[in-house]
Amino acid sequence: MTEGSTEKIKRYDFKAIEEKWQTRWATEKTFKAEEDPSRPKYYLLEMFPYPSGRIHMGHVRNYSIGDVIARYKRMRGFNVLHPMGWDAFGLPAENAAIKHNTHPAAWTDENIEYMKTQLKGMGFSYDWDREIATCRPEYYRWEQLFFVRMYEKGLVYRKMTTVNWCESCLTVLANEQVIDGACWRCDNAVVPREMHGWFLKITACADELLSGCDTLSGWPEKVLTMQRNWIGRSEGLELDFPVEGSDHSLRIFTTRPDTVFGVTFMSIAPEHPMVALSQGTPQEQEVAEFVRRTRQALQQKDPDQELEKEGVFLGRSCRNPFTGEKIPIYVANFVLMEYGTGAVMAVPAHDQRDFEFATLYDIPVSVVIRPADGAPDPETMTAAFEEPGILVNSGKFTGLASSEARQAIIAHAEAEKIGSAKTTYRLRDWGISRQRFWGAPIPMIHCDACGTVPEKEHNLPVVLPTDIQLDASGRSPLHTLKSFYETRCPECNGSARRETDTMDTFMESSWYFARYACPQYTDGPLDKNAVDYWLPVDQYIGGIEHAILHLLYARFYAKVLRDLGYISIDEPFTNLLTQGMVIKDGAKMSKSKGNVVDPNELIERYGADTVRLFSLFAAPPERDLEWSDKGVEGSFRFLNRVFRLVQANRGLFNGTSPSLPENLNDQSRALPRKTHQTIRKVTSDLDRDFHFNTAISATMELVNALVSHIGEDAQDQSIDPAVAREALEAVLVLLSPIVPHFCEELWEETGHQSRLSGRPWPEFDPEAAKEEQLTIVVQINGKVRSRLLVDVGTPDDALEKMALADERAQSFIGENTVRKVIVVKNKLVNIVI
RNA sequence: GCGAGAGUGGCGGAAUUGGUAGACGCACUGGACUUAGGAUCCAGCGGCAGAAAUGCCUUGGGAGUUCAAGUCUCCCCUCUCGCACCA
């Protein structure tokens with residue numbers, strides 16, 4: 001810092017600057033979004049947080065990424081909707097309330113208040129007037145309405161079934177919420193349990209959810225693959241095998257109808273009802289024992305480990321409807337009751353599992369498919385031949401290729417009425433009943449006379465009571481709270497019992513994106529005009545951990561709401577960005593690992609802008625970000641450097657003509673070139689793939705160029721002031737979405753009346769960005785040997801001559817003959833010798 | 001096992017369509033200014049050899065295509081994530 005300068009140089013007082021601008025944005029409602037058909041809309045959404053207490057680095061990163069995009073799109077002229085809210089129902093609130101002897105609502109509200117202050121402190125450009133908290137009756141009443149509507153359409157049903165029960169959370173979990181046999185939330189083992197529960201018929205949308213994946217070109221391939229796998233569609237044949245000495249048939253599902261002539265045994269799941277057929281056979285005891293043992297083993301097994309294949313003869317056989325052969329039935333531990341029909345036609349020659357099983361129990365292997373060259377020999381085979389091929393030993397189908405045979409065999413089965421083409425899915429219906437308190441009540445009523453009936457619409461919402469006492473058992477007070485469950489039947493007005501289960505919290509997050517379009521609307525869940533204007537979400541941002549759970553449910557909900565006439569879109573999120581995790585010392589930040597960095601401390605020390613800058617600079621958004629305290633300091637240093645640069649050069653902004661003079665010296669020509677190249681680079685990085693890290697480094701280069709041209713002393717003035725001013729302004733504008741408080745402050749300080757937040761994004765001038773001279777690389781046999789500085793547009797033959805004449809090139813060519821010369825425009829000359 | 005993604009200096013990470021590998025930043029080293037420096041500025045910074053000029057090597061490994069390969073093709077290795085007895 002120059003002591004001699006008369007003007008006192010200010011320090012970068014981030015605290016005062018950030019408070020000042022946050023206050024202005026709030027009072028001026030800078031980021032309020034209103035429908036405006038005259039402008040293109042842009043709906044930017046980040047996954048809303050669970051109000052757990054305080055924000056963490058993952059939030060900071062997620063919302064910083066979103067905020068840059070929101071601010072950038074505004075500057076590009078879009079009418080941007082950028083809302084924020086709270087995914088406020090859920091178990092942590094309930095557990096915390098038990099621990100602190102308070103109400104989950106109180107705990108949640110407190111957290112929301114605190115976290116809201118934190119988010120505001122980060123300077124995120126949300127329209128806070130659209131804030132949503134899903135635990136408020138004004139929100140969940142509509143969810144209850146949707147539930148009733150879905151019930152009326154047959155998309156909701158109740159059944160007794162085996163569910164996933166978490167012993168620690170004391171509630172049922174959906175299939176999507178069981179990760180490797182453990183609870184997604186608390187990681188404790190999940191056990192099966194027979195219970196009543198409410199289900200949403202997501203399987204009714206399986207096909208559309210699957211085909212929709214093909215339309216989601218703005219989603220990461222990885223997420224689409226996960227969704228496709230989860231839906232798990234497979235096409236095949238359902239076929240009945242008549243059981244010997246019984247009226248029953250054993251129905252199987254196969255994706256390989258072409259191997260039906262190779263069936264040598266049947267295998268059924270231990271839970272299969274036809275296990276009962278062993279009664280009265282000599283094997284009865286053995287089968288019962290096996291089933292008992294297998295169930296136990298399945299419960300205790302490590303989900304990563306496959307069980308040793310095992311089975312037992314049922315004592316009964318069935319008949320292959322194609323060959324008439326007698327086929328023994330086995331109960332096998334590897335057959336899943338949940339998939340297909342729970343029964344499999346086993347073809348050891350062409351299925352590896354069946355092969356292993358057959359080898360173990362000495363069951364014959366019958367080859368019915370041969371590869372194009374030769375055929376496997378059942379006597380010497382060591383593994384199943386699973387590829388498609390040509391059918392052999394298959395009656396009238398012999399000689400057909402697998403693909404043709406599939407069609408022919410299905411057609412035959414259908415004609416003979418012994419089977420039919422069938423498509424199965426891995427996807428199961430979504431179990432949404434939760435046995436805990438802190439969730440939206442399910443608006444259903446059980447009446448002895450009328451059965452289970454929905455609550456009348458005008459009685460909604462069914463409000464979650466506040467006068468409750470939670471106890472350490474974790475059991476929901478709703479089950480025993482008479483004032484809640486005692487009610488009248490909406491049909492017959494007789495006394496009835498209200499459903500006391502609550503809804504899965506993923507129900508709230510499945511449609512919040514639509515409610516943001518009209519958060520205060522009271523005439524219905526969604527204002528058609530508003531949702532038609534804003535939806536779909538143009539850019540959605542969140543963690544990959546929701547790849548299946550939330551993102552699949554929300555897609556399902558979009559289709560349901562569309563079919564119910566509430567919205568007009570098929571897919572809720574056009575583009576999806578899955579941001580990476582924040583890592584410290586090689587592991588995800590977590591309390592248990594003790595490697596968390598608290599955003600508050602960093603903001604206190606460096607300010608929000610520095611934290612934003614670093615979290616965007618350290619890695620591209622989709623990758624994991626390794627947190628580095630030193631790196632944060634580097635970002636802070638950079639901002640200080642720009643701050644000093646602007647302070648030292650404030651003179652540039654005092655009445656200098658903004659137009660650029662025609663005749664500039666070399667230096668004054670180089671700077672605008674760099675300026676416009678930077679504008680081009682930053683713009684394309686922001687447009688193309690949100691690679692803020694390279695956008696920031698490009699701006700740093702421009703700052704470096706500025707510092708070396710005009711210095712931080714402002715005294716070395718060989719450069720044209722208008723040129724320097726243009727470059728300096730570009731730095732502030734380009735950085736403004738990333739470090740908004742900082743840029744607004746300097747913008748104002750350099751005499752601008754307007755706000756950066758309302759300013760259009762700069763257009764780069766291709767003429768100004770054009771280089772006058774280029775470095776052309778001279779290669780000999782592909783190795784760089786020399787460089788030439790030439791004027792842009794030097795013709796190829798001239799380049800070739802210059803390269804061949806080049807002294808250094810000559811020394812490499814020596815006595816060798818030049819065989820070929822390749823000239824690449826504006827890039828290089830390669831001399832082949 | 002299946003599917004997706006990744007492998008580049010001490011570190012985070014850059015490199016349109018194949019065309020100067022290592023931008024930008026961190027760390028480090030030397031110097032300047034200084035009462036001080038954890039501020040700031042200047043210089044250096046992939047490896048090997050060399051005083052230097054410069055040369056050779058270098059994008060997980062190995063082949064190949066090409067005038068030219070981090071980038072394309074084939075094989076292999078490692079890591080991360082997801083699914084996993086799906087019939």
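Since the model is a prediction, treat every value here as computed from it, not as a measurement. Just so we're on the same page: letters track the sequence lines, and every chain starts at 1.
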Nearest-Å distance once atom [atom1] is located in both [N] and [M]:
N      : M      : atom1 : value
B:rA69 : B:rG64 : C1'   : 11 Å
B:rA63 : B:rA52 : P     : 33 Å
B:rU78 : B:rC45 : C1'   : 29 Å
B:rG55 : B:rU65 : C1'   : 29 Å
B:rU73 : B:rU66 : C1'   : 12 Å
B:rG25 : B:rC74 : C1'   : 38 Å
B:rU58 : B:rG70 : P     : 10 Å
B:rC24 : B:rA14 : P     : 14 Å

Please work out if [X] contacts a base, only the sugar-phosphate, or nothing of the nucleic acid, heavy-atom cut-off 4.0 Å.
X        : result
A:Gln779 : base
A:Val335 : base
A:Pro220 : nothing
A:Arg637 : sugar-phosphate
A:Gly634 : sugar-phosphate
A:Asp354 : nothing
A:Phe614 : nothing
A:Glu701 : sugar-phosphate
A:Phe617 : base
A:Arg680 : nothing
A:Val832 : sugar-phosphate

Under 4.0 Å between a side-chain N/O of [X] and OP1 or OP2 of [N], yes or no?
X        : N      : result
A:Asn704 : B:rG25 : yes
A:Ser234 : B:rA87 : yes
A:Arg353 : B:rG1  : no
A:Arg644 : B:rC41 : yes
A:Lys820 : B:rU66 : no
A:Arg785 : B:rC56 : yes
A:Asn693 : B:rA14 : yes
A:Arg641 : B:rC24 : no

Rounded interatomic separation in angstrom, taking [atom1] from [X] and [atom2] from [N]:
X        : N      : atom1 : atom2 : answer
A:Glu626 : B:rG25 : CD    : C1'   : 15 Å
A:Arg605 : B:rG38 : CZ    : P     : 15 Å
A:Glu235 : B:rA87 : CD    : P     : 12 Å
A:Arg233 : B:rC83 : CZ    : P     : 22 Å
A:Arg406 : B:rA87 : CZ    : C1'   : 12 Å
A:Asn229 : B:rC81 : CG    : C1'   : 13 Å
A:Lys222 : B:rG5  : NZ    : C1'   : 6 Å
A:Lys681 : B:rU16 : NZ    : P     : 8 Å

Could you tell me the separation between the [atom1] atom of [X] and the [atom2] atom of [Y], rounded to the nearest 0.5 Å?
X        : Y        : atom1 : atom2 : result
A:Ile776 : A:Met802 : CD1   : CE    : 8.5 Å
A:Arg644 : A:Leu639 : CZ    : CG    : 11.0 Å
A:Thr254 : A:Ile252 : OG1   : CD1   : 5.5 Å
A:Asn640 : A:Gln647 : CG    : CD    : 11.0 Å
A:Met345 : A:Arg256 : CE    : CZ    : 8.5 Å

Exercise. Does the B:rC67 base have a donor-acceptor partner in the side chain of A:Asn830 within less than 3.5 Å?
Worked result: yes

Exercise. Do A:Lys309 and B:rC85 have a side chain to base donor-acceptor pair shorter than 3.5 Å?
Worked result: yes

For this session: Assign the ring pair A:Phe385 / A:His350 to parallel, tilted or perpendicular, where the plane angle (0 to 90°) is split at 30° and 60°.
Result: perpendicular

Exercise. Can you say whether the rings of A:Phe643 and A:Phe742 are parallel (under 30°), tilted (30 to 60°) or perpendicular (over 60°)?
Worked result: tilted

Problem set entry | Syn/anti label of B:rG10 as read from its glycosidic torsion, with the cut at 90° from 0 | anti

Sort out the partner of [N] for me: Watson-Crick or G-U wobble, both distances under 3.5 Å, none otherwise.
N      : answer
B:rC41 : B:rG31
B:rC26 : B:rG10
B:rU66 : none
B:rA15 : none
B:rU54 : B:rA49
B:rU59 : none
B:rG82 : B:rC2

Problem set entry | Under 3.5 Å: donor-acceptor pair, side chain of A:Arg785, backbone of A:Ile780 | no

Exercise. Quick check: does any side chain N or O of A:Glu386 sit under 3.5 Å from a backbone N or O of A:Gln352, one acting as donor and the other as acceptor?
Worked result: yes

For this session: Please tell me which of A:Arg623 and A:Ile548 maps to the more 5' nucleotide of RNA chain B, matching each residue to the nucleotide holding its nearest heavy atom.
Result: A:Arg623

Exercise. Which residue, A:Phe812 or A:Ser628, contacts RNA chain B at a nucleotide closer to its 5' end, judged by nearest heavy atom?
Worked result: A:Ser628

Problem set entry | Note, A:Ile65 side chain near A:Leu616 side chain (heavy atom, < 4.5 Å) | yes

For this session: Choose from B:rA23, B:rA27, B:rG82 the nucleotide whose nearest atom is closest to any side-chain atom of A:Ser697.
Result: B:rA23

Exercise. Counting side-chain heavy atoms from C-beta on, which of B:rC86, B:rC57, B:rG55 comes nearest to A:Arg426?
Worked result: B:rC86

